[in-house]
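Since the structure comes first, as structure tokens, the remarks are kept for the end.
What you are looking at is a predicted structure, and each value in this text was computed from that prediction instead of being measured. The figures that follow rest on heavy atoms only: side chains count, while hydrogens, waters and symmetry mates do not.
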Number of protein chains: 2
Amino acid sequence: MAVTDEAIEKIKGMIVSGALRPGDRLPKESELASELGLSRNSLREAVRALSLIRILDVRQGDGTYVTSLDPQLLLEAMSFVVDFHRDDTVLEFLAVRRILEPAATAMAASRISEQQIDALSAQLDKLGDSPSVEELVACDLDFHRGIVQSSGNSVLCSLLDGLSGPTTRARIWRGLTQEDAVSRTLHEHRAILAALRDRDGEAARSWATVHIASVEQWLRSTL
Amino acid sequence: MAVTDEAIEKIKGMIVSGALRPGDRLPKESELASELGLSRNSLREAVRALSLIRILDVRQGDGTYVTSLDPQLLLEAMSFVVDFHRDDTVLEFLAVRRILEPAATAMAASRISEQQIDALSAQLDKLGDSPSVEELVACDLDFHRGIVQSSGNSVLCSLLDGLSGPTTRARIWRGLTQEDAVSRTLHEHRAILAALRDRDGEAARSWATVHIASVEQWLRSTL
DNA sequence: TGCGCTGAGACGTCGGATGTCTCAGCTCAT
DNA sequence: ATGAGCTGAGACATCCGACGTCTCAGCGCA
């Protein structure tokens, strides 16, 4: 195994074993390099790799730190990975979302606060009659994220956030310019909110399923 | 933005745009470095980072290639990330698995072949009366993976594989030494197989839910 | 007391040298 | 003619040392 890979494993080991805790600062590059028995260049490759997946946080002029290791932060790296997938696997990602999102929405029904529902509702109202694609994407993302956050499961939340990555979603919306599709989507969003307001988990689950399925159906007919 | 980060983005862009396709070979390090306008050392950091998440495959003495970009391969990187999570988030991961696995099992009910069911059944029989922890973990992993693969959704499969990463699962089994827990788990496995053999998706879903929930319950009482 | 400067410390980037590995193509004995 | 084995070119692996840039704490001045 290459020295860089060894270094990655060793640093991982230090974190998993608890020798390094979230927020801790690593020894400076030159010291850590000699501790692990490799050159600074090779160590930097290891640190850079761990930094890409949000395990380490490198601050120039300051030092290198272990991140908070929050699920939210770590799974954020997943959206980077999702971006690489080609169109032919988008449907599979959507199928997974179709499983997770209704469940998350149902969970949110018993936990979401009135204020949050009001806020989400207000945001929908704010969207004009002919919003731009960028506005639609941002609104859609916020809407679903807002609800899923109320599921109380941060892993679930991050996972869905990654699955519905900006690229994928933008790609979907880009072709979704038909007027009726937009209005239907907004209508479904309102229906989900209404179910949440009624604390009706099953209705919320069903509307979420319908919502995702309609996108899925449209996408399947287009591809 | 650092030159290395720029390089990561540029390479990502080349792949996402289709300029580089799966299996393609990248220009040699020195050439690519000058193309992107940075030193070979810095480029190597970018390549190493993309290699960690299985976007690139570096072969010493040969060259650097774009991987197949299969969902299976890319989400494999997730298990690396999952390993970093501490015990307090294991329950959240399990909750997500509780959503996905029953759905995947139900999907498998209509697609799994008789041979696969027989193979899984034989594997359960092969497990003796007092298997070691290693055997239990391996068997449990194989069992669930075998079923989920039959769901026909490779993203779902990889996701579950990552969620039930070796570390997490081993950690759970390690404390699960009570005799009755082991026998109950095996009983549940057989029940799932029976439901699959009957092509009864709803029964399979329910047994899978019960199965995960029992682990969840045990874990909750222990933590 | 507070602003701004300044220097030490740490990461960022670079170029070059050398080691190691892979693969293709050649040599040569069969 | 064919196959094993050798060999050299090419490409990644690793290291060293130097210099640039950034951050932060501490000092000095208004």
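- Note: B/I11 CD1 to B/L56 CG = 6.0 Å, rounded to the nearest 0.5 Å.
- The CD atom of A/E29 sits 13 Å away from the C1' atom of D/dC22 (whole-angstrom rounding).
- Judged by atom type and distance alone, B/R40 does not reach the base of D/dA11 through any side-chain donor-acceptor pair under 3.5 Å.
- For A/L36 and D/dT14, the CG to P distance is 13 Å, given to the nearest whole Å.
- A/Q116 places a side-chain N or O within donor-acceptor distance of the main-chain N or O of A/S113, the cut-off being under 3.5 Å.
- Side-chain atoms of A/D62 lie closest to D/dT23 of the nucleotides D/dT23, C/dC11, C/dT13.
- Phosphate proximity of D/dC12 to B/T64: present, with a side-chain N or O under 4.0 Å from OP1 or OP2.
- Distance B/R25 CZ to D/dC12 P: 7 Å, rounded to the nearest Å.
- The phosphate of D/dA13 has OP1 or OP2 within less than 4.0 Å of a side-chain N or O from B/R44.
- For A/S164 (side chain) and A/D161 (main-chain N/O), no donor-acceptor pair under 3.5 Å exists by modelled atom type.
- Spacing between atom CD of A/Q60 and atom C1' of D/dT21 amounts to 5 Å, rounded to whole angstrom units.
- Contact check, B/S42 against C/dC14: a side-chain N or O comes under 4.0 Å of OP1 or OP2.
- When atom types are taken as modelled, the side chain of B/R25 and the backbone of B/D62 share a donor-acceptor pair closer than 3.5 angstrom.
- Put simply, CD on B/E45 is 12 Å from P on C/dC11, counting in whole angstrom units.
- Spacing between atom CG of A/L43 and atom C1' of C/dA10 amounts to 13 Å, rounded to whole angstrom units.
- If you take OG on A/S68 and CZ on A/R54, they are separated by 10.5 Å, rounding to the nearest 0.5 Å.
- Applying the 3.5 Å distance criterion, the base of C/dG15 shares a donor-acceptor pair with the side chain of B/N41.
- For B/R48 and C/dG12, the CZ to P distance is 17 Å, given to the nearest whole Å.
- At a threshold of 4.0 angstrom between heavy atoms, the contacts of B/R59 are confined to the sugar-phosphate backbone, with no base atom among them.
- Rounding to whole angstrom units, CG of residue B/L38 and C1' of C/dG12 are separated by 12 Å.
- Sequence order on DNA chain D of the closest nucleotides to B/G61 and A/T4 puts B/G61 first from the 5' end.
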